[in-house]
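Only a predicted model underlies this, so the values are computations on that prediction, with no experimental measurement involved.
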Amino acid sequence: MDLLKLDEVKKHKIDILIIIALFLLGFGVRMIPSESFPGIYGFDSFYHARMVRTLLQTGYIPDKDPLSYWPEHGKYKEMYPPFYHYTLAGCYSWIKLLTSGHTGYDENLFVPVDSSTPAFYGGLAVVAMYLLGLVIRNRKAGLFASLLFLGQSSFLFRTMYGFSEEDPMGIFLYTLSFAAFAWAIKNGKPKHGWIAGLVFGVFLITWRMAILPAAIIATFVLIEMLLNIWRKDYTGLERKIEVLIPSLIPLAILDFSYDTATNYGLISLVFLGSVAGIGILANYWFNHRKNKSPVKIFWINKSDLYKYASIAMVLLGIGLLVVKGQFIYQYTYNLVFKAPTQYAKLSYTIGEEHPATFAGVVRDMGLLTPLFLIGLIWLPIRRWKHRKEHTVELLVWLLAIATFYLYIHKMKMGYVFGTPLSIVVGVVLADVFALADWMKKKSENLDTRWLKAASMCVALILGFMVLSRAVVTMEQYKTSYSPQTGWIKAYDYLTSLPGHENYVLMTWWDYGHWSAWWGLKTTLDNTNQNSSKVIETARIFTDFRGKTTDEILKKHESELKKWQVTHIGVDRIVITCQKWGALTFLGDNVCIPKDELEKWGINYPEVLEGPTQGCPPGTVYAACMQGVYCKQGYDQNGNPRIVCPLGKANLVFTPEEWSRMINTKWPGYDLEMDVGGTILKAKVYARPDGYLMFFVDRHGRILPDAPANYMLGYRLFFQDPSITTLDLVGDFYGNLDDPKYRYVPEEEVVFWKVDYNKLEQLNITS
């Protein structure tokens, strides 16, 4: 179907109905969390929402962010392409104009519009997948692929209600770009190439991931041109050039319209432009060098046009190497070889940055695994069998191989692997139907309905499983990664204080965007990574060298002053295993020397002797705190018991034992219990709300005794009575009935005000 011909489009009414249905299904699933989300979801989403809010309020996005990475001012335009933000701002303004007659900023309207946008692009991405399948094979392939793509976990996660980043729009354009280039190559005319380039150009100014499709498309076109030369199909070679060259024009115009896209946009243009240049030279050498073409383009015949174009491409290539050669080499080298390890220490602490295990990938792919592996074998075979036709299977195959490799090396890359995974499986299922038709033609008496029925059943089962998983996943995401009550109360309180415009908050980097959304300056955020500052913050938070919190902060006074810190904010998550492992690892405080503990007056009872958890002799492991929720139960005689599920076993306590644990002060209750034939030794805390806490290592194994997070765990959250020079600004969602000993409720946030005058009075030596 040629989308440029209205008559052809009218003949495909069924496709239009399918597209509408797929969009509504994809959009509807992603809107499931809207009923329970307080608004924007995640961390980075608040950054993007703030940029759009700034655009709506001021009419422009600043070159430097006045709140993020204070006081260095993170360079916004070096971080993200702005097209997503301008599009969202335009959408909001249009809705606001229709509903109220003006375009002023209204946060009550902006938040739902901002949060719904990812679901909208998620639905469009499902439609783009249908179009990709339609171009690659047929309607069946598009339908199968889109239904499988609809609930692909990583794609689903990044297009759900509230996940307002450039990723959702980027994933849509990523899928649509491959559909557009496949469509353009199959049709083989300049106008099709121009449209494909326009789609890709918009993609380029939306998502930095565009550099990956640029490399894949360039590789695909190069291989296809080499096959044309090998088969002496110079007409096919020329058709590809006539598609690729026009595609570069809108791509280049859009790229250089925004300085944000210059670096990776330039590399993308180099990828595609180099292949175009090779094609021009090859076409002139094999097709026009000896044969004068009678066809004229504008005022010059085609053979002379390719001759002069060849000279121009050589000169342009030489000029580009002279002017930008070093940059292109360095940028590409860093991208390919250094990017995976550039922030290795930071990436090690982020789950989605970890390499994926093959078993984990297979578990994520589920029943799609065998069909995907079959597709990797079948697609190149089919391309070879139909080599005289304008087939584009190789494009999908290259994308599948490249993104599968990326996914194995970084779990986060699942969102770029979802597209080839879905289309490869969709093509395999569609080809089973084609196989049935082929078998029927070979033998008219052969009943192939069973094969079609079996294929349809497999497709329906896969589709049902994917859709069910999508709904379940949306339900699970409802309560994750959003500012909880404590943070909201804390920010509302701080912004009500006079002079809050000058506050500079030091929190852990995940919460930086939340702080800035409330209009407070923050030393760290979760996007513009300054690795040295992240690591130094981790060191400050995990430092144990001091008898009081003030003494610890005095050690880092130069950093605090340089960053102009006025307040320090933390929550319960930071001192539990959800964050503590990252802080100790980045702060180089995983293994703490025992003599250092003694030197600073920290006497931990029965500190483990010898090496533990990989720590050398004479040191102890700085464990994190983990726990389980316990429930009221009964023993076999009907006596009341407190039951705490722990893996395959249970910890069971009498009400009297539970009461003693609740009333045991820091560093906890010494527990020794027979659990499934194994004697478990641990220090535990029991909370009145039924939560049992204990120390574990980075692998989740319970430690009998280990020094925990001193500054945060003991000195802040357990209210070290020696704290005298820090003022407690706010204690939200908790209580201070016993200021010398308490544990932080789940959603509690504590902010401390830093008083440099009092810190300077301290005379601390290492």
(message) Minimum heavy-atom separation for Val199 and Ser177, please, with both atom names.
(response) CG1-OG, 3.7 Å

(request) Specify whether Phe110 and Tyr92 have parallel, tilted or perpendicular ring planes, treating 30° as the upper limit for parallel and 60° as the lower limit for perpendicular. (result) perpendicular

(message) Once you measure the plane-to-plane angle for Tyr41 and Phe163, does it fall in the parallel (<30°), tilted (30-60°) or perpendicular (>60°) bin?
(response) tilted

(message) So which atom in Asn108 and which in Pro112 form the shortest heavy-atom distance, rounded to 0.1 Å?
(response) O-CD, 3.1 Å

(request) For residues Ser422 and Leu148, report the shortest heavy-atom separation together with the two atoms involved. (result) OG-C, 3.9 Å

(message) Over 60° means perpendicular and under 30° means parallel, so tell me whether Phe181 and Phe200 are parallel, tilted or perpendicular.
(response) perpendicular

(request) Would you mind reporting whether Tyr161 and Pro118 have side-chain heavy atoms less than 4.5 Å apart? (result) no

(message) Quiz question: by atom type and distance under 3.5 Å, do the side chains of Tyr84 and Ser164 form a donor-acceptor pair?
(response) yes

(request) Can you see which heavy atom on Val126 is nearest to which on Phe149, and at what distance? (result) CA-CD2, 4.2 Å

(request) Examine the side chains of Ser154 and Arg158 and answer whether a donor and an acceptor come within less than 3.5 Å of each other. (result) yes

(message) I want to check something: taking the side chain as every heavy atom from C-beta on, are Leu131 and Ile19 in contact at a cut-off of under 4.5 Å?
(response) yes

(message) Measuring centre to centre across the rings, with the benzene-like ring taken for any Trp, is Tyr47 within less than 6.0 Å of His513?
(response) yes

(request) Cation-pi check, Arg30 to Phe155: give yes when NZ or CZ is under 6.0 Å from the six-membered ring centre and within 45° of the ring axis, no otherwise. (result) yes

(message) Quick check: do Phe178 and Val396 have side-chain heavy atoms less than 4.5 Å from each other?
(response) no

(request) Verify whether the ring centers belonging to Phe120 and Phe23 lie closer than 6.0 Å. (result) yes

(request) From the options Trp207, Tyr174, Tyr407, select the one residue that forms a ring-ring contact (aromatic ring centres under 6.0 Å, His included) with Tyr415. (result) Trp207

(message) So, applying side chain to side chain donor-acceptor pair (under 3.5 Å) with His85, which one of His48, Arg53, Glu166 is it?
(response) His48

(request) Would you check if the side chain of Thr419 reaches a backbone N or O of Val416 as a donor-acceptor pair within less than 3.5 Å? (result) no

(request) Any chance you could measure Tyr511, atom OH, to Leu505, atom CG, to the nearest 0.5 Å? (result) 14.0 Å

(request) Indicate yes or no: at least one non-hydrogen side-chain atom of Met51 is less than 4.5 angstrom from one of Leu55. (result) no

